[in-house]
Amino acid sequence: MTSSSFGLYLHIPFCRQRCDFCAFYLEIHRDNRAEAFVRSLTHEITLSAQQHAAAHRPVQSIYFGGGTPTALATIQLTSILSEIRTLFFLTSDCEITVEAHPSTISEEDLAQLYQAGVTRMSFGAESMEDGELVRIGRPGSVSETVTAVARARAAGFTNINLDVMYGLPGQRLESWQRTLASCIALAPTHLSCYALTVEDNTRLASDIQRQRSQEPDEGLQVEMDEAAQRILGDAGYERYEVSNYAKPGYACRHNLLYWTNGEYLGWGPSAQSYLDGTRFGNVADLTVYETALTASRLPIEDRTKLSEEEQLRDAVIFGLRLIQGIPSQHLHRHARNYGHTAITAQLLAQQLIEEDGEHSRLTAQGLLQADTVAAQLY
Ligand code: SF4
């Protein structure tokens, strides 16, 4: 049930400061911690190459995420990449993405990443309105995003993503539309549009509880989602997943791995892997992570071997996020395996899922309720 594609993910667990809405595992960047982390990560990559047979498979995508990968020095990122190249076989068109905070990257950094073979830059813009960035405790400014995109292009990058969010405190439909227009003016090849969700134990959650900030308005988020479809569609971006839009040919290969049940190895604290029908995850604690690697042990905390039914379930649930949908026979086999036949019939009757004989996919209404549909089919 897994596809044959294979990728690598690196979780760089540092940021300069924590944004109010963020619940990811991360540490505030310090030079000495970063140096120790890079040593541990390099050791993890070596051990992983020795212990996983997958190391012999061609790698089609590498993704540096986090955290903020560009919180590391560029020389640290490029040395990690060259270590990977010595131990793994990269396909000639391997997609290599680095996520960057626009205010943490210079022209020279971008030139060095490009020369090292990075093929895609992904900038966390979040909003193109300065006031909205302030309200979510997001350091940096819109002008830094504009500058970062121009510098990336000058360095040679032609494949550029911008991440933006909707449903931010104080954001109106008009300001969201202005953010989309400002992004389009920068001509990225890819846009990820995420609905803000309030995660427990974040500053945003506590500000909302103390009535210092507003909870996202779900009705407005639906309108914003519809506006994104219309505005980005008119600008030539194809929606290929619930939250992702791309110019033709620029869908993110690495993210497609997750939605098509492809296999990947993840490194760094809290990184997840999926290989040979087994999901496993690293410990989400930098100190424990480093201690394990000092003892030459992989820092894996959880390991779950999936049955064939569970692999099919995941393929259905992730695959339904794709606009192209999934083979209908997979949906119905999963429904029989899990006793979800009545629920599936109901989702079809409610027109949240549609079928064309061969494929099943979420309808426009279903895409707006993708998480609810997934929960019902789990
Ligand atoms: S930059 Fe990204 S990873 Fe870091 S705190 Fe902000 S949202 Fe979280």
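All values below were derived from every heavy atom in this structure, side-chain atoms included, with hydrogens, water molecules and symmetry-related copies excluded. Numbering of ligands and ligand atoms starts at 1, following listing order.
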Exercise. Determine, for Asp20 against Arg138, whether the closest basic-nitrogen to carboxylate-oxygen distance falls under 4.0 angstrom.
Key: no
Self-check item: Sidechain-backbone polar pair: Ser175 side chain, Gln171 backbone, donor-acceptor under 3.5 Å
Solution: no
Exercise. Can you sort out the partners of Tyr237 under ring pair (Phe, Tyr, Trp, His ring centres under 6.0 Å), two or more places apart, ordered by chain and number?
Key: none
Self-check item: Expected output: side-chain Thr189 to main-chain Ile160 donor-acceptor under 3.5 Å
Solution: yes
Quiz item: With hydrogens left out, which residues have an atom under 4.0 Å from ligand 1, given that only heavy atoms count?
Solution: Cys15, Gln17, Arg18, Cys19, Phe21, Cys22, Phe24, Leu26, Gly67, Thr68, Arg138
Quiz prompt | Lys/Arg-Asp/Glu bridge criterion (N-O < 4.0 Å) met for Lys247, Glu238 | solution = no
Self-check item: Ring centers of Tyr338, Tyr378 separated by less than 6.0 Å
Solution: no
